[in-house]
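Protein chains get the first letters and strands the later ones, always in sequence-line order, with residue 1 at the start of each. Treat the numbers as computed from the prediction; the structure is a model and nothing was measured.
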Amino acid sequence: MTLIEFFIVNQKDILGCLIRHFQLVGISVTTGMLIAVPLGIFLTRVRRIAPLVLNFAGMIQTIPGLVMLGFALLLFGIGLLPALLVLSIYAILPILHNTYTGITEVEKSYIEAARGIGMTDSQILLKVELPLARSTIVGGIRTSTVFTVSWATLAGLIGAGGLGDLIWTGLSTYNTNFILAGAIPSAIVAVILSGLIHLIQKKLTPRGLKGVSA
Amino acid sequence: MIKFENVSKSYGESKVLKGLSFQIKQGDFVVLIGPSGCGKTTTLKTINRLIQPDSGKILIDGKDSAQLNPVELRRSIGYVIQQIGLFPNMTVEENIAVVPKLLNYPKEKWQPIVKELLTLVGMPYEENAHKYPSELSGGQQQRIGVLRALAASPPIVLMDEPFGALDPITRESLQEEVRRIQKKLKKTIVFVTHDMDEALKMADVIVFMSGGKILQMASPEEMLQHPADPLISEFMGKHRSALSVNAAMSAAEFMKTRVLKAARSMQTLQSIELMRNRDVNSMIVLNDDDTYAGTVSLDTIKSHGKAGRAIGEFMETTVPTVNLKEDARDTFEKLYTSPAGYVVVLNDDMTVAGLITKTSMAKAMGDALWGEMIS
């Protein structure tokens, strides 16, 4: 059976895996964002502990995904929940890192001007720091999304489904078609999501900031 | 009115402000000046409470500023910084309207203000309001920076070296504009600079600070005439020298030293070529030992010269010469009677030191009178 025939015959299963994959990525990146952005902002307010937290997060990042999944499996058993948990944790770091650096790298003169003309701390955050850090933060979300698309293939190992299912099946049965049926769509998904975020980002950037940050 | 009462501030061991007491009258343009580290910027920032003094009081219109809400206080005081600090994510209009918006002015109220202010600095609303700061020149950006400070019509405006980063020509036109606006809108302006030119040009009152203390607070005129401290005289150096121009200036100070010279054996065509290349119409002729021999102009070559002759044969010796140390006044007289319109300046050993033309003379006098000019 050629690859194309394989895709046609198994389109329903592949589509199902693809949708599940999107769900895994979508939910974990969103969760990661909801944790990382506020945490990143918080760290810019208490900069003394920031290196500690960032280093800790970086350390977690270096633990192989397989090991983390193993732990999650031991603690929470098989299924969607442990997979989402692990993926969310991995999704946090790039966003956290970029939120923190994005805000701390906003030029001091803008902050001084903002404070000097009478903005409150939260107005400075909302009107100056976040808009100026936005492209960096969105960059973090983009990195996070691309990584999560590939990490999510591991989730198949603990029964969370997704394109990983096809890949693991293929690996255990020496069936190249299965492997490619998982790998090709996941690569395409990564490229498409990355491009999409980039496009949204460009659309949202005011003219005044274009060329200032890529 | 702003009144400092015994205001002190330290950072760790170092005392930045040492018991400052002074008053700023309403409607005055007050310039804080002094060497770097003298505490001028710190003083400025204590007014809108960007910096809290350790002790002492600052009264604004009789109210202790420490009792006021800092955010509200800052909204009622304009603030301009050197780095301009226009928000790059906002248009010109949004930048100017930022304080009125913080104060919840409705659009019907702030938009006319924006239009009026832009007109005030000659930047028409239609053309400029929807540009972003990155689309403006440095000078235009700082104009908008000033307008942002004025938008909620604060009676007091603080400016922290606002023109420090601008080129001299732009700086000058902004100085004039700000001065004009200040007079027109009757603002009290407190202005920090380290540039004495700027201080003398702008100030009603100059506050000279050093080491966290005020050395002198006086009008520019008074400070020029009676500087209270050697440091102040030093700061005003060239401006004070304007008061004693007459004293002992010599020919050397007026001359230009880049002069076209040629040996007397040089031939006609070659010397014409040389003068054309340098875009001049006369040059100095030297003897073999480099001493001054005479001058030759394109006109004399044309009337007397033939190709192949040496310029020494028909050079002129009618141009007046002066010694390097000749008194400026005598030199000036010789210059005006010189048929060629210039005077040759000679060293003691009769070699050529330079030329004095009417242009070089005028420039040197201007420098002496108004300080070093932009060449």
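Counting all heavy atoms, side chain and backbone alike, A:Arg207 lies closest to B:Glu135 at NE-OE2, 2.8 Å.
Within a 6.0 Å radius of NZ in B:Lys15, no more than 12 heavy atoms belonging to other residues, nucleotides or ligands are found. Heavy atoms from other residues, nucleotides or ligands lying under 6.0 Å from CD of B:Gln52 number more than 12. Counting non-hydrogen atoms of neighbouring residues, nucleotides and ligands closer than 6.0 angstrom, the NZ atom of B:Lys131 exceeds 12 such neighbours. A 6.0 Å sphere centred on CZ of B:Phe4 holds more than 12 heavy atoms belonging to other residues, nucleotides or ligands. Around atom NZ of A:Lys203, no more than 12 heavy atoms belonging to other residues, nucleotides or ligands sit under 6.0 Å away. No more than 12 heavy atoms of other residues, nucleotides or ligands lie within 6.0 Å of NZ in B:Lys25, so this atom counts as exposed by the packing criterion.
Taking B:Leu102, B:Ile77, B:Val99 one by one and counting their heavy-atom pairs under 4.5 Å with chain A, the maximum is reached by B:Leu102. Listed options B:Asp160, B:Leu86, B:Leu73, B:Thr91 were ranked by heavy-atom pairs under 4.5 angstrom with chain A; first place goes to B:Leu86.
Heavy-atom neighbours of chain B within the stretch residues 42-71 of chain A, taken at a separation under 4.5 angstrom, are nonexistent. Scanning residues 73-107 of chain A against chain B with a 4.5 Å non-hydrogen threshold yields no residues. Contact residues of residues 109-129 of chain A toward chain B are A:Ser109, A:Tyr110, A:Glu112, A:Ala113, A:Ala114, A:Arg115, A:Gly116, A:Ile117, A:Gly118, A:Met119, A:Thr120, A:Gln123, A:Lys127, A:Val128 (heavy-atom distance under 4.5 Å).
Contacts between B:Asn48 and chain A at a heavy-atom distance below 4.5 Å involve the side chain alone, from C-beta outward. Contact annotation for B:Arg49: neither backbone nor side-chain heavy atoms come within less than 4.5 Å of a heavy atom of chain A. Contact of B:Val80 with chain A is not made at all, since no heavy-atom distance falls under 4.5 Å. B:Leu103 does not touch chain A: none of its heavy atoms, backbone or side chain, sits under 4.5 Å away.
A:Trp168 meets the ring-ring contact (aromatic ring centres under 6.0 Å, His included) test with no other residue; sequence neighbours excluded.
In this structure, the separation between CZ on B:Phe87 and CG on A:Leu132 is 8.5 Å, given to the nearest 0.5 Å.
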